[in-house]
Protein chains: 4
Amino acid sequence: MPTGSAEPARAVRQRRKEARPHELLAAALEVFVEKGFATSRSEEVAARAGVSKGTLYLYYPSKEELLKAVIRHYLGEEVRAGALEVARHEDAEPAVLFGVLADWWQRVYDSPASGVFKLIMTEARNFPDISAFYLSEVIEPGSRLIGQMLERGVQRGRLRPMNIESVTHSVILPMVMLCLHKHAVGACMQLPERSFEPAQFIRDHIALVLRGVSVDDSLPK
Amino acid sequence: MPTGSAEPARAVRQRRKEARPHELLAAALEVFVEKGFATSRSEEVAARAGVSKGTLYLYYPSKEELLKAVIRHYLGEEVRAGALEVARHEDAEPAVLFGVLADWWQRVYDSPASGVFKLIMTEARNFPDISAFYLSEVIEPGSRLIGQMLERGVQRGRLRPMNIESVTHSVILPMVMLCLHKHAVGACMQLPERSFEPAQFIRDHIALVLRGVSVDDSLPK
Amino acid sequence: MPTGSAEPARAVRQRRKEARPHELLAAALEVFVEKGFATSRSEEVAARAGVSKGTLYLYYPSKEELLKAVIRHYLGEEVRAGALEVARHEDAEPAVLFGVLADWWQRVYDSPASGVFKLIMTEARNFPDISAFYLSEVIEPGSRLIGQMLERGVQRGRLRPMNIESVTHSVILPMVMLCLHKHAVGACMQLPERSFEPAQFIRDHIALVLRGVSVDDSLPK
Amino acid sequence: MPTGSAEPARAVRQRRKEARPHELLAAALEVFVEKGFATSRSEEVAARAGVSKGTLYLYYPSKEELLKAVIRHYLGEEVRAGALEVARHEDAEPAVLFGVLADWWQRVYDSPASGVFKLIMTEARNFPDISAFYLSEVIEPGSRLIGQMLERGVQRGRLRPMNIESVTHSVILPMVMLCLHKHAVGACMQLPERSFEPAQFIRDHIALVLRGVSVDDSLPK
DNA sequence: CATGAATGAGCATTCATTCAT
DNA sequence: GATGAATGAATGCTCATTCAT
């Protein structure tokens, strides 16, 4: 038996085997966001990843664990990237930092990761693990990051004194909502007439908040 | 023959029959928001309304129709009330109108109706009817109302020229998100330390946006 | 209170009360034949008789008892009538007796009683009472009647010697089958092209059998 | 590595998978005929085929489709076989052809296929598909076959001129009725005293009709 | 490792029957 | 008597999970 043909095959097999978890997570995210966790059939996840039902269970012991893995994977990754980005501009002007923020949201909104927010809102209550993870790995660090950003701006006299908590949420909540909307109503209905432009909204909203918190003489004329 | 004893009995029966739909809708909203539509058992809805499984189906032909009825009932009611409220202050100052808005959101947030927003985000994609209803009965009239409010402010020189669309969403989205959060992560996790106060946030956020769109010299010093 | 208006009302009520059982049986026969016993809803029977669900149970203690009453009523009645008719022509020629038979079948076929045969074939196995009733009240006396008719013809030299049992069934079975067909396939499909005429068939079939059992020289030329 | 132990296992599995549909159809026919379609529990069908509820639905998407498959399978098969048989004797004497007919009916009566006639009478009205199938696949070709047989007999001067339609039905209807009876009254009641012998009846009836339609001088003395 | 046939717990829905009015 | 609201047992069907191949 010639091994010449087997070796590349093994290589491909090897590659597949390593790629599997990612393929499965991607497929699962897609299906879960589309149909909701409870109404998603594990067979469809498997099919969309190009494997059979049985194979899915080789990698994740249950549908629930798969869900948690999806959330951990996609959210952890994006948040870490965002934190690094902000850290790199630590000393920048508020306007610059807000720009970095807008960029990050734009990226998240455009990526599949945006769907994870829908999953969290949908499933958090059924799976407290998810709430805990979301709180400790996303909300907490995210809020701290933005809070520090705002506080530094205040200290430097570029931003007005404010309720840091509230403003932080004023920045974050509409962005999360935008992601949710994209995968909920937005996915099955076209907004009518004067259609809504997410990319524009992200910039506009960040700018609006910036204006709202800036000291008067730093406002753009 | 004294009918005195029969009358109240009939009255009670009658009252129940009329009250049933509302009791069922309330129970359904509760359960659907808590567990998600797909994982809610119709028997639990019935039980929480104090009736048996079968009775539920005497009033709503299917779980799905029950869901739609819940959304139509709670959302329609609140939106109508809000529209009337705003209409009554048609000529008021932007600040006053924003105050009316904040009050309305506060009421919705505190009422069970807040859960409907979670239902919509959760189920819209599976039941396009819901998306259509939400768009035509909530988003459309709500946006128009706020849009007009903003435009009038601009015309009178109290508000800066702005992208009406974006600002409208900047006002609405975080409020919707707040409702969602209340019934998702918020329902099973206590926010830690510097705890988040929704009532405060509603006021702060509305004020922030107001500041962001006001002409400079009308800003509170 | 004037009793003048009450008296006729009582009379009507009385009349209704007495007519009820028949109205219910007629409605039940109709519905049972149409939908099959198991798929018939007792509410529909009641509705078709113009009363409410509850009233039905005032007259018959269960759906099953209603079924048995239907069969007993319609079948007993027709068979008794047929027996009398035949008895009245006891001494007639075979040809005349066969004519009486054809007339009886024609009447049964045209009346709602035809449906009872479907009910029996459909439900006999689930309710052995029905089989027993059918056997003892219909098959037994009917066969005996026809058997005697044939035997007398043989004794008088008008009919050939034959297997009485078989011929009896040759007479009866297609007639029963005709009734069944009327309420089964015949009720939801039109026979195509050279359409089948039941009235004609009844005559033809009886004639065919008569010819088959007649002594050669009594055959119509 | 010896594959000797793996092969039979796969073979068994394979064999089961191929055999399943037939096993299920056989079990379904049995149960449906016994209890009636509506009162048959799909779980019992599965159990009688030796599999679990879920497996049934792996092969047939619903109880209704299973019913149609049963009818199509059993009836189609038998009718095709009968047609071939008759075709093979195309030029034979009427008496021979009638013998072939009697044989076919005897086979059908003895086989489980006889139950299908009960199913058709029972369910046709609830499922018009079944009526259509029965008409086009059984009644139509069957009648044509017998009609041609009779016509050829007339042309050759062996049979009297007759109403072909009626005689065709005189041949068929009692046979169908016999099948019905076997699974209805016959299945739960023993005919008393001078017991009825189906095999004898089939021969006798065919002979009776043959005698009824033969030209006088060809009648058996 | 991968497959997909088989399983059976779980749930929506129906409807005969009851009973307060 | 008559009504129809309420009940809950019964059953079709789905789908996560297992395991023999």
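A quick note: this is a predicted structure, and the numbers were derived from the prediction, not measured. Chain letters run A, B, ... following the sequence lines, proteins first and then strands; every chain starts at 1. Computation of the quantities below employed the complete heavy-atom set of this structure, encompassing side-chain atoms and omitting hydrogens, waters and symmetry-equivalent molecules.
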Verify the contact: side-chain N or O of B/Thr55 to OP1 or OP2 of F/dA5, cut-off strictly under 4.0 Å; return yes or no.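 No, no such contact exists.
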At under 4.0 Å, does any side-chain N or O of D/Tyr59 touch on OP1 or OP2 of E/dA6?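 Yes.
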Nearest-angstrom distance from the residue atom [atom1] of [X] to [atom2] of [N]:
X	N	atom1	atom2	value
C/Leu24	F/dT3	CG	P	11 Å
B/Tyr60	F/dA5	OH	P	15 Å
D/Phe32	F/dT11	CZ	P	14 Å
A/Leu56	E/dC1	CG	P	15 Å
B/Arg20	F/dG4	CZ	P	17 Å

Any heavy-atom pair between the side chains of [Y] and [X] that's under 4.5 Å?
X	Y	answer
D/Tyr134	D/Phe117	yes
B/Lys35	B/Arg41	no
B/Met121	A/Met121	no
B/Leu66	B/Leu25	yes

Looking only at the side chain of B/Ser52 (C-beta and beyond, no hydrogens), which of the listed nucleotides E/dG8, E/dA2, F/dT7 gets closest?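 For the B/Ser52 side chain, the nearest candidate turns out to be F/dT7.
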Protein-proximity profile, nucleotides 12-17 of chain F, B/S/- by nucleotide at the 4.0 Å heavy-atom cutoff, equals SBBSSB
Evaluate B/Arg125 against A/Val33 for side chain to side chain contact (heavy atoms under 4.5 Å, CB included), listing each step before the verdict. CA-CA 9 Å; B/Arg125 204 161 175 180; A/Val33 169; 4.0 Å; yes
The criterion is ring-ring contact (aromatic ring centres under 6.0 Å, His included); which residues satisfy it with D/Phe32, sequence neighbours excluded?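 ring-ring contact (aromatic ring centres under 6.0 Å, His included) check on D/Phe32 returns D/Phe37.
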Stems where DNA chain F pairs, listed by first number, each of three or more Watson-Crick or G-U pairs under 3.5 Å: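 As far as DNA chain F goes, consecutive pairing (with distances under 3.5 Å) yields the stems E:2-21 with F:2-21.
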If only atom types and distance count, is the side chain of B/Lys63 paired as donor or acceptor with the main-chain N or O of B/Ser40 below 3.5 Å?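 Confirmed, B/Lys63 side chain pairs with B/Ser40 backbone.
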